[in-house]
K.L.:
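Before I ask anything, here is the structure I am working with.
Note that the structure is predicted; figures quoted are calculated from it, not measured. The analysis underlying the following values was restricted to heavy atoms, covering all of them including side chains, and did not include hydrogens, waters or symmetry mates.
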Amino acid sequence: MAEKETATGLSRNLSTYGDKDFARYLRMSFARSMGHSNEMLSRPVVGIASTYSEFNNCHRLVPELVAAVKRGVISAGGLPLEFPTISLGEVFLNPTSIYFRNLMAMDTEEMIRGQPMDAVVLVGGCDKTVPAQLMGAVSADVPAIQLVTGPMMTGRWRGERLGACTDCRRFWARYRAGELDGPTIGEVEGRLATTAGTCAVMGTASSMALIAEALGMMLPGTAAIPAVHADRIRAAEMSGVAAMRLARSGMRPSDIVTPASVENALRVLLAISGSTNAVLHLAAVAGRAGISLDLAHLNALSDSTPVLVDLKPTGANYMEDLFAGGGLGAILRELKPLLNLDCMTVTGETLGERLGGEAADYVDPSVVHSRASPLQPHGGLVALFGTLAPNGAILKRAAADPRLFEHTGRAVVFASLEDLAARIDDPDLDVEENDILVLQNAGPGSAACMPEAGYLPIPAKLARRGVKDMLRISDARMSGTAYGSVVLHVSPDSASGGPLGLVRDDDRISVSVSERRLDLLVGEDELARRRAALPPAPQAPQRGYARLYSQEILQAEHGCDFRFLTRFPDRIQLSEPSRRR
Ligand code: FES
């Protein structure tokens, strides 16, 4: 166990030479080579975790934000030192960005812990970067504050307002249905993402930004500021100032991320009808603090939390409208009676003090509804349990067709993503509108590493007949910008021995949202026969990060973290190794 660090500034975390004075002398000598004055080098140090990358469009303006953070740190008497970490650009990564989230979390944690900083500003934004930074910061437990890059502005196409990426999917569905031709979809492609910043709707990035603020890890009022708005630069400067306050007070993530603040974050996630991915990420962040996110508790919260925010993909508006319409402050004020107000935040105020001191600004009631007149009386997400998902599954009921909430249907099974791609548009596919599409081997234990593939396309022959939605079930994830009657995160996943891998064509599956059930209506004997006939698991990767991933990945209810990175790894079982890739 390393001895507790008591030094500050550049004297923290000295390199090991067996002579501390020599190590300090050497460090200061090299630090002076960077051209800082002795006065600057004697100040408290604020690290700035920069995720700028030309493989990440959402982070295009990170350099401008980092410059503003530095301004804030210097004005508050500190020395800002920027350092790079891995950056995860959602659409630029293969096999899928979630595969790298834990790697980024490890990078962030170790660089915070290993370098001399009294506080850190985490500059992230795209889907996996914010959870990775929060996971790393909670584990390192050095005073930390999150700053996000902010959402994109919307674009226009032939008079229609477009924003990534709910509209991407809407237009792609129209293209698949034969309503749009190739040149037209090419035109749309150029209008969907027209500024720097994260996806413009209530996708995973927006959900995680609001969650980070609700947790207390981000400055009040900053989650929804658009990427290109001047307020975003001011938020960066103020985050630098706030980081210096944290450096002086010593308040750490462990003072902020508590069971009560995680519950607040869940309430907000439900009220914004946020991304299903955010459940997974919040479970991982909480797990780093030793807090278990119980899906049964999520259901209890969902029953008592109304949907207040009208944003795509479930509603009509975009993040820029939420910013103009009151931002998270408006949501928190409506939710106040349901929140734990004693939770501490990075400002040094409790949530209750924040809300007590916040002027009741303008609120656009078409974007943020009141509790007296909610969009929906219950939360946007619900967990299902049953013989098909013993450890749970997630349904974004706010994005689903209520006609399918109580439904029993015939399974049409795709054994893998490759099988799905090969057959979904086959004119001879035996499928009807009331069938249930099942995708296997797309969970965290599969070679596919849980991609956002749970939004299975409607088979082309049904799409052409006008079918817009069907019940779809998988162990995969779904983009927060997508919508439809889609059951995700089935756990245990099929590649890890879960019953999802035993489903066969023509089986009956029953879903009951009212009962919170997801059941495979097949007898135990038959399932045992099928289990015994499963082929052996493919050989696990033998080297590198892929090997680590395959050996340590946890199921969705644990946030797909690596077991050895959670606070209490001995309390968590890994999946059945014989079935894992
Ligand atoms: Fe980065 Fe959507 S691609 S937030």
Side-chain angles (χ1 to χ4, degrees), residues 48-69 82 84-101 103-104 107-108 122-133 146-157 161-172 185-210 212 222-233 235-236 275 277-278 281 311-313 318-320 323 451-452 477 479-482:
I48 305 170
S50 168
T51 49
Y52 177 72
S53 162
E54 289 187 343
F55 287 101
N56 193 340
N57 59 294
C58 303
H59 291 201
R60 178 156 62 84
L61 298 181
V62 163
E64 189 176 38
L65 295 179
V66 168
V69 173
E82 174 186 355
T85 72
I86 297 171
S87 189
L88 303 178
E90 187 62 24
V91 299
F92 294 96
L93 287 159
N94 179 280
T96 177
S97 62
I98 188 76
Y99 172 69
F100 299 99
R101 186 203 60 186
L103 183 64
M104 180 174 172
D107 179 5
T108 305
L122 309 158
V123 187
C126 194
D127 288 14
K128 308 302 176 296
T129 62
V130 170
Q133 291 186 317
Q146 182 80 57
L147 170 70
V148 291
T149 55
M152 291 179 203
M153 302 296 283
T154 51
R156 294 285 188 284
W157 177 72
R161 196 178 178 205
L162 300 187
C165 223
T166 302
D167 296 321
C168 317
R169 296 170 200 288
R170 185 164 58 85
F171 277 91
W172 191 250
I185 195 76
E187 239 179 75
V188 171
E189 181 188 286
R191 297 286 187 278
L192 287 163
T194 51
T195 75
T198 50
C199 286
V201 298
M202 190 56 78
T204 306
S206 303
S207 301
M208 287 310 301
L210 293 164
T222 62
I225 304 169
V228 296
H229 198 295
D231 280 356
R232 170 72 40 217
I233 304 173
S275 164
N277 284 318
H281 296 317
L311 251 64
K312 290 178 182 243
Y318 296 87
M319 279 298 280
E320 66 194 62
F323 173 64
E452 290 185 340
R477 296 176 302 116
S479 165
T481 63

K.L.:
Mind checking whether Lys128 and Met208 have side chains closer than 4.5 Å, heavy atoms only?
P.N.:
no
K.L.:
Find out whether Ser50 and Val123 are in side-chain contact, i.e. whether some heavy atom of one side chain is under 4.5 Å from a heavy atom of the other.
P.N.:
no
K.L.:
Less than 4.5 Å apart, any side-chain heavy atom of Glu90 and any of Cys58?
P.N.:
no
K.L.:
Can you check side chain to side chain contact (heavy atoms under 4.5 Å, CB included) on His281 and Arg101, steps first, answer last?
P.N.:
CA-CA 10 Å; His281 296 317; Arg101 186 203 60 186; 3.0 Å; yes
K.L.:
Answer yes or no: is there a side-chain heavy-atom contact under 4.5 Å between Trp157 and Glu187?
P.N.:
yes
K.L.:
Taking all heavy atoms of Met152 and all of Glu320, pick out the closest pair and write down the distance.
P.N.:
O-OE1, 4.2 Å
K.L.:
Just so I know, are the side chains of Glu64 and Thr149 near enough to count as touching, which here means a heavy-atom distance under 4.5 Å?
P.N.:
no
K.L.:
Grab the two heavy atoms, one from Ser207 and one from Ser275, that are nearest each other, plus how far apart they are.
P.N.:
OG-N, 2.9 Å
K.L.:
Is the shortest side-chain heavy-atom distance between Tyr52 and Val66 below 4.5 Å?
P.N.:
no
K.L.:
Counting N and O atoms only, with roles assigned by atom type, does the side chain of His59 sit under 3.5 Å from a partner on the main chain of Gly125, one being a donor and the other an acceptor?
P.N.:
yes
K.L.:
Minimum heavy-atom separation for Pro151 and Ala223, please, with both atom names.
P.N.:
CD-O, 4.3 Å
K.L.:
Quick one: disulfide bond (SG atoms under 2.5 Å apart) partners of Cys165, sequence neighbours excluded?
P.N.:
Cys168
K.L.:
Take Val148 and Thr198 through the test side chain to side chain contact (heavy atoms under 4.5 Å, CB included) and record every step on the way to the result.
P.N.:
CA-CA 9 Å; Val148 291; Thr198 50; over 6 Å; no
K.L.:
Which residues satisfy the side-chain contact (heavy atoms from CB on, under 4.5 Å) test with Thr96, sequence neighbours excluded?
P.N.:
Ile98, Tyr99, Cys449, Pro451, Arg477
K.L.:
Salt bridge or not for Lys312 and Asp167, using N-O below 4.0 Å?
P.N.:
yes
K.L.:
For Asn277 and Thr204, indicate whether the former's side chain and the latter's backbone hold a donor-acceptor pair under 3.5 Å.
P.N.:
no
K.L.:
With a 3.5 Å distance limit and no angle check, can you tell me whether Gln146 reaches the backbone of Leu122 through a side-chain donor-acceptor pair?
P.N.:
yes
K.L.:
Taking all heavy atoms of Met153 and all of Pro226, pick out the closest pair and write down the distance.
P.N.:
SD-CB, 3.6 Å
K.L.:
What distance do Leu88 atom CG and Ser53 atom OG have between them, rounded to the nearest 0.5 Å?
P.N.:
9.0 Å
K.L.:
Heavy atoms, side chains only, cut-off 4.5 Å: are Ser479 and Arg169 in contact?
P.N.:
yes
K.L.:
Start with the C-alpha distance between Leu162 and Phe171, add both sets of side-chain angles, then the distance that settles side chain to side chain contact (heavy atoms under 4.5 Å, CB included), and finish with yes or no.
P.N.:
CA-CA 10 Å; Leu162 300 187; Phe171 277 91; 3.4 Å; yes
K.L.:
Hey, which of Asn56, Thr129, Thr51 is the one that makes side chain to side chain donor-acceptor pair (under 3.5 Å) with Ser87?
P.N.:
Asn56
K.L.:
Of all the heavy-atom pairs spanning Ser97 and Leu93, show the shortest one and how long it is.
P.N.:
CB-CD1, 3.8 Å
K.L.:
Would a 4.5 Å heavy-atom cut-off, applied to side chains only, mark Arg156 and Arg191 as touching?
P.N.:
no
K.L.:
Does the side chain of Thr108 come under 3.5 Å of the side chain of Gln133 through a donor N or O and an acceptor N or O?
P.N.:
no
K.L.:
Distance only, no hydrogens: is a donor on one side chain within 3.5 Å (strictly under) of an acceptor on the other, for Arg232 and Thr222?
P.N.:
no
K.L.:
Rounded at 0.5 Å granularity, tell me how far CZ in Phe92 sits from SG in Cys126.
P.N.:
9.0 Å
K.L.:
By side-chain contact (heavy atoms from CB on, under 4.5 Å), which residues pair with Asp107, not counting sequence neighbours?
P.N.:
Thr85, Ile86, Met111
K.L.:
Can you name the nearest heavy-atom pair linking Val201 to Tyr318, along with the distance?
P.N.:
CG1-CD2, 3.7 Å
